[in-house]
2 protein chains.
Amino acid sequence: MKTTIKEVALKANVSIATVSLVLNKNTRISPQTRETVLKAARKLNYYPSRSARALVSKQTGNLGFVLTKDHFLRTEPFYTKIFLGTEIEANNKDYYVFLTVMNSVYNESDSLPRFVLEKNIDGIIIAGKVADAFLVKLKKYNIPIVLIDYIPKKGDYSIVIMDNIQGSISAVEYFIKLGHKNIAFIAGDISHPSISERLRGYKLALKRNKIMLNNSLILTKYSSPNRTNGYKAAEHLLSISKKISAVFCCNDAMALGLIDCLKDKKPSLLKKISIIGFDDIEEDTRVSPTLSTVKVNKIDLGVEAVKLLVNNIKGKNITNKKIIIPTELILRESTRNNGKYNLN
Amino acid sequence: MKTTIKEVALKANVSIATVSLVLNKNTRISPQTRETVLKAARKLNYYPSRSARALVSKQTGNLGFVLTKDHFLRTEPFYTKIFLGTEIEANNKDYYVFLTVMNSVYNESDSLPRFVLEKNIDGIIIAGKVADAFLVKLKKYNIPIVLIDYIPKKGDYSIVIMDNIQGSISAVEYFIKLGHKNIAFIAGDISHPSISERLRGYKLALKRNKIMLNNSLILTKYSSPNRTNGYKAAEHLLSISKKISAVFCCNDAMALGLIDCLKDKKPSLLKKISIIGFDDIEEDTRVSPTLSTVKVNKIDLGVEAVKLLVNNIKGKNITNKKIIIPTELILRESTRNNGKYNLN
DNA sequence: TCATTTGGGTTAAACGTTTAACTAATAATT
DNA sequence: AATTATTAGTTAAACGTTTAACCCAAATGA
């Protein structure tokens, strides 16, 4: 059977209120009593009942984490690592997190996640792009919301994102420093703010360094930024008769697809051109050539989201905040080349 | 504010007990009253408070789902899909699922997941191989346990697994039917029961068809069965001067690594030898050549685990059960060849 | 000296359900 | 007709916390 507060109180020779106050770090209790109570609790292996606590405090102690199916099932563990971060910080803050996965397309008539309907959470974290209709519907429930890696066109939200602009600039400027002038950009899902920001960073870096923008080197028509589409983008790059000595990819998955394609079609080129990805997905980017990339601290995104959300729940930070996690350029083998050779 | 049972009772002109009984599908209430109550509940958008319910019923309504970090962050969405399955069935059965990720190595002194310590779950599902010390410690808490895709050497557990033996036999026998005689097997993490069963199936199929076992064609020394190790295994296969016309891989990830390697080293061979994987991970296996594989219904594994677990919680099925999910051989481009050509 | 404040607790109500025990009305049995 | 059984509900206790309101003793102030 589960130990209750009553038994702890009995053992410590105090009232149950005292036990409760000690556990809630109330200063009204003297250090001595405090110690006695804590010792008794430890000895009895006591953990307060979440249900009882929730019932009276009107807080469930749960957070919701929402992911679309395509984000959750993505090959690279990007959003799953973000989830890991939320779990770590939720633990620190004594919350539990419910992960739920919704369909990637959202219809007006679709219902909201069960934990919203049943009001079984105190706040909700949404990672990646989701339908605006979903957000609008959700807002009506008056639950604190934090978005990760997505900025809706309309509406005011607490948001945690990585520094896409700065990351892209550092990548492209590194190419330029190496001597590259003909730098391509490949991307999928350009409607996602993070991706379009990376394109913006690419353009900004070129402009800042007085390099003419060449639109035929910008490939953004692909749907999902995955390995297969990276392969297709590479095929296209090979087919156009333009000078290209470096490729900046909107993420590592596409960069891997690019490398796959070159291995298939023109293996010799791999030693000659330069490639930078984005995200630093760790697995599968450490094979020949290892991939230079803009590293995103995924755990941090999750951690900061929980911090922000809990502040919102507790009533601090009534105003919505935007937190930007810095990125870092990581250099590996795929950026050994100086712009002398070209794809075509 | 949240609607309570009181307000529903008031609106339906009955006692709160009646509302509760209706919602719990008790037959003591007449169909008419039943309807009135349900209508009132619907109109008031009423959902019972989980906390209150949990408090009195001594059941949290939560299930725990445990995954090791390396399983969770794996490139192929295998265990994540299993989680999806548990979520679907938990929904049907009115449970919530807490997903938690633990370190891949477990030390005796490591603590158990928080939801176990705090007794915030009614049952627990563990997917993939975990340390036996962890299971032993867990058992002491007397929480119903269901394992997915893992059979511990000692101890009695409720288990859900896929049919590894039958799947492997069907793959290898298909090779044989095509005319292959020199069939290699590559694997990682051979200590995992599912992997060693696949090896057993491979051997069984050869024996059944009177093909001599050649141990130099069996490569199982790799740690994790991932793409990179598939690549390494392929390098090794290329280096030994043995006839090999077909390769059975312990999973799709290794098969993809094998294909990667052939693309790098001997692209022409890809059209000549045959390859079969295991799992059917869907993404990235649909590029040249598309991968033949033994399909595992991952969703089903999760669904069946929840069914089994809930039965255990509810006190049916006191005895531990083993559920075996059938597999299916899926033929794609990687098995077009008949054994005439060889790797070396 | 008496009134007031402070420190360190306790008491008891409340949170929203479930469910055993009860009741009243009707139906079935003898 | 009297007794018993059944049907369809109600009453009230219980679950394990939190917390506002209260209390008493000791310290402080005038």
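In what follows, chains carry the letters A, B, and so on, assigned in the order in which the sequence lines appear, proteins first and then strands, with residues in each chain numbered from 1. Below, all heavy atoms of this structure are taken into account, side chains as well, without hydrogens, waters or symmetry copies.
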Quick note, side chain to side chain donor-acceptor pair (under 3.5 Å) partners involving residues 136-146 of chain A, not counting sequence neighbours, are A:Tyr106-A:Lys137

Taking five pairs at each terminus, the helix from C:dT1-D:dA30 to C:dT30-D:dA1 shows an axis bend, to 10°, of 50°

Sorted by chain and residue number, the ring-ring contact (aromatic ring centres under 6.0 Å, His included) partners of B:Phe98 (sequence neighbours excluded) come out as A:Tyr96, A:Phe98

For [X], which residues count as a side chain to side chain donor-acceptor pair (under 3.5 Å) partner, sequence neighbours excluded?
| X | answer |
| --- | --- |
| A:Asn13 | none |
| B:Lys81 | B:Glu282 |
| B:Asp70 | B:Thr68, B:Ser104 |

Does a side-chain N or O from B:Thr33 land closer than 4.0 Å to OP1 or OP2 of D:dG9, or not?
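Answer is yes, contact under 4.0 Å.
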
note: A:Asn26, atom CG; D:dT19, atom C1'; distance rounded to Å ~ 10 Å

Per-nt protein contacts along nucleotides 10-18 of chain C (heavy atom under 4.0 Å; B base, S backbone sugar-phosphate only, - none) come out as BB---BBBB

Worked check of side-chain contact (heavy atoms from CB on, under 4.5 Å) between B:Leu73 and A:Thr80: CA-CA 7 Å; B:Leu73 297 179; A:Thr80 38; 4.1 Å; yes

Please output the side-chain donor-acceptor pairs of residues 19-30 of chain A that fall under 3.5 Å, not counting sequence neighbours, one pair per line with the distance.
residue	atom	partner	partner atom	Å
A:Ser20	OG	A:Asn24	ND2	3.3
A:Asn24	ND2	A:Ser20	O	2.8
A:Asn26	OD1	A:Arg28	N	2.8
A:Ser30	OG	A:Thr33	N	3.4
A:Ser30	OG	A:Thr33	OG1	2.5

| message | Suppose the criterion is salt bridge (charged side-chain N to carboxylate O under 4.0 Å, His left out): which pairs have a residue in residues 87-97 of chain A, not counting sequence neighbours? | response |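 Sorted pair list: A:Arg50-A:Asp94, A:Arg53-A:Asp94, A:Glu89-A:Lys93, A:Asp94-B:Arg114.
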
